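The structure appears right after this line, and notes come after that.
Just so it is clear, the structure is predicted and the values come from calculations on it, not from any experiment. Heavy-atom basis, side chains included; hydrogens, waters and symmetry copies ignored.
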Amino acid sequence: MSRPTTVPDSTDPAGHTASTDSTDHTDSTDHTDSADYTEDTRAVLAVLAAHGHSGLPPATAARARAGTALAAVIGPPPPVAEVTATTAPGPGGPIPLTVYRPVADPRPRPGLVYFHGGGFVLDGARSHDGFLRALAEGTGHVVVAVDYRLAPEHPFPAAVDDAEAATRHVTSYAGEFGIDPDRISVAGDSAGANLAAVVAQSARTAGEPSLAAQVLIVPQTLQPPRADTGSRRRFGHGPYLTAELLAWFADQYVPRAADRTDPRAAPALAPDLTGLPPALVVTAGLDPLRDEGEQYARSLAAAGIPVRQWRLEGAFHLLWLATKTAPAVQADLVARIAAHLDHPR
């Protein structure tokens with residue numbers, strides 16, 4: 001695993017400033033190892049390129065969804081005690097849920113509501129199945145994966161509405177899911193981490209549900225044109241995720257310019273980050289989204305939220321999914337998530 005990154009405090013895009021409280025809420029002392037994933041990144045990118053990944057925007061969402069490059073680097077799914085499918089009522093109709101139980105034990109276990117990445121356009125529980133199984137097994141949590149509605153067929157705020165509705169459903173019927181209602185957290189990657197952050201904010205504002213923790217993996221927290229960060233400029237040509245592709249995703253998900261500064265689309269722009277659940281924020285060193293994720297971690301800490309922030313040095317955006325080529329990366333990530341969920345504060 002790599003050393004957690006400590007980044008100097010600065011004013012963020014929402015105008016949050018460093019706290020004057022002498023307590024540093026960002027955890028930068030509990031991990032001291034310093035592995036680098038550069039060689040893993042090179043190996044995985046070579047396979048992706050051989051299977052046609054270019055980083056260029058696709059002609060249509062349908063063509064993007066038909067791509068097979070990422071599947072070429074994902075290994076077989078690990079075993080888990082039980083996988084079941086169900087639904088939650090949503091504003092646009094039933095929301096598909098996939099439930100992963102780590103052990104065949106009827107007693108309630110902590111729960112983790114998970115939102116997949118894919119630029120709000122791609123993927124689902126099926127694309128993340130191996131990771132979700134590993135997450136359930138490695139954390140001991142019942143993982144509930146949410147297949148929210150995708151853009152461009154369902155632009156913003158459809159994904160947010162589904163994420164919030166699914167989370168409320170899981171917490172309201174926790175017993176039916178075999179979940180302890182007092183130990184429910186939210187998590188996601190990339191676009192899904194955006195949704196997890198938004199759900200945490202909306203739950204805080206509404207006063208329910210009460211969430212134990214949030215896990216944000218390579219989060220997207222801004223939308224263009226506010227998303228003009230150093231890492232977006234530096235890594236705009238890749239590897240893997242490019243500025244052109246990010247712009248295309250934004251056009252699909254938030255086609256209206258006025259929506260791009262809505263905190264439900266860009267959670268980093270929320271004016272108040274107090275009262276949120278403890279956070280683990282994971283970024284990748286070669287990711288265009290790196291800086292906005294790390295800035296969001298700083299903003300949470302400045303608001304008094306306990307935060308652990310870990311940068312995967314030498315990693316590109318989705319290296320942790322590539323279990324066929326670089327299995328150790330995902331194992332490291334799951335171990336970090338388990339530690340955070342066990343002791344979020």
Qualifying residue, where the test is side chain to side chain donor-acceptor pair (under 3.5 Å) with Asp105 and the options are Arg107, Arg101, Arg109: Arg107
Ion pair check, Asp342 and Arg183, cut-off under 4.0 Å: no
Residue of the set Thr283, Thr221, Thr229 for which side chain to side chain donor-acceptor pair (under 3.5 Å) holds with Glu294: Thr283
Arg264 with Asp161: basic N within carboxylate O range, under 4.0 Å: yes
Side-chain donor or acceptor of Glu244 paired with backbone N/O of Pro57 under 3.5 Å: no
Joint hydrophobic cluster, Val99 plus Ile337, side-chain heavy atoms closer than 4.5 Å: no
Backbone of Gly238 reached by a side-chain donor or acceptor of Thr242 within 3.5 Å: no
Main-chain N/O of Ser231 paired to Asp291 side chain as donor or acceptor, under 3.5 Å: yes
Same apolar cluster (I L V M F W Y, side chains within < 4.5 Å links), Ile179/Leu112: no
Exercise: do Arg204 and Gln201 side chains pair donor with acceptor under 3.5 Å: no
Check: Asn194 side chain, Ala265 main-chain N or O, donor-acceptor pair, under 3.5 Å: yes
Main-chain N/O of Val121 paired to Gln252 side chain as donor or acceptor, under 3.5 Å: no
Sole candidate of Thr41, Thr38, Leu241 that passes side-chain contact (heavy atoms from CB on, under 4.5 Å) when paired with Phe316: Thr41
Test item: His53 side-chain N/O and Tyr240 main-chain N/O as donor-acceptor pair under 3.5 Å: yes
Gln330 and Thr323: side chain donor to acceptor below 3.5 Å: no
In one Ile/Leu/Val/Met/Phe/Trp/Tyr side-chain cluster, 4.5 Å: Leu341, Val80: yes
Donor-acceptor under 3.5 Å (Asp259 side chain, Val254 main chain): no
Backbone of Leu280 reached by a side-chain donor or acceptor of Arg308 within 3.5 Å: no
Short side-chain to backbone donor-acceptor contact, Tyr148 and Glu164, under 3.5 Å: no
Donor-acceptor side-chain pairing of Asp189 and His128 below 3.5 angstrom: yes
hydrophobic_cluster_shared for Val143 and Phe115, side chain cutoff 4.5 Å: no
Same apolar cluster (I L V M F W Y, side chains within < 4.5 Å links), Phe249/Phe120: no
Parallel, tilted or perpendicular: rings of His169 and Phe177 (30°, 60°): perpendicular
Pair Asp129 + Arg133, salt bridge at N-O below 4.0 Å: yes
Reported OG1-to-CG distance for the pair Thr167 and Asp162, which is rounded to 0.5 angstrom: 10.5 Å
Carboxylate-amine/guanidinium contact Arg65 Glu153, below 4.0 Å: yes
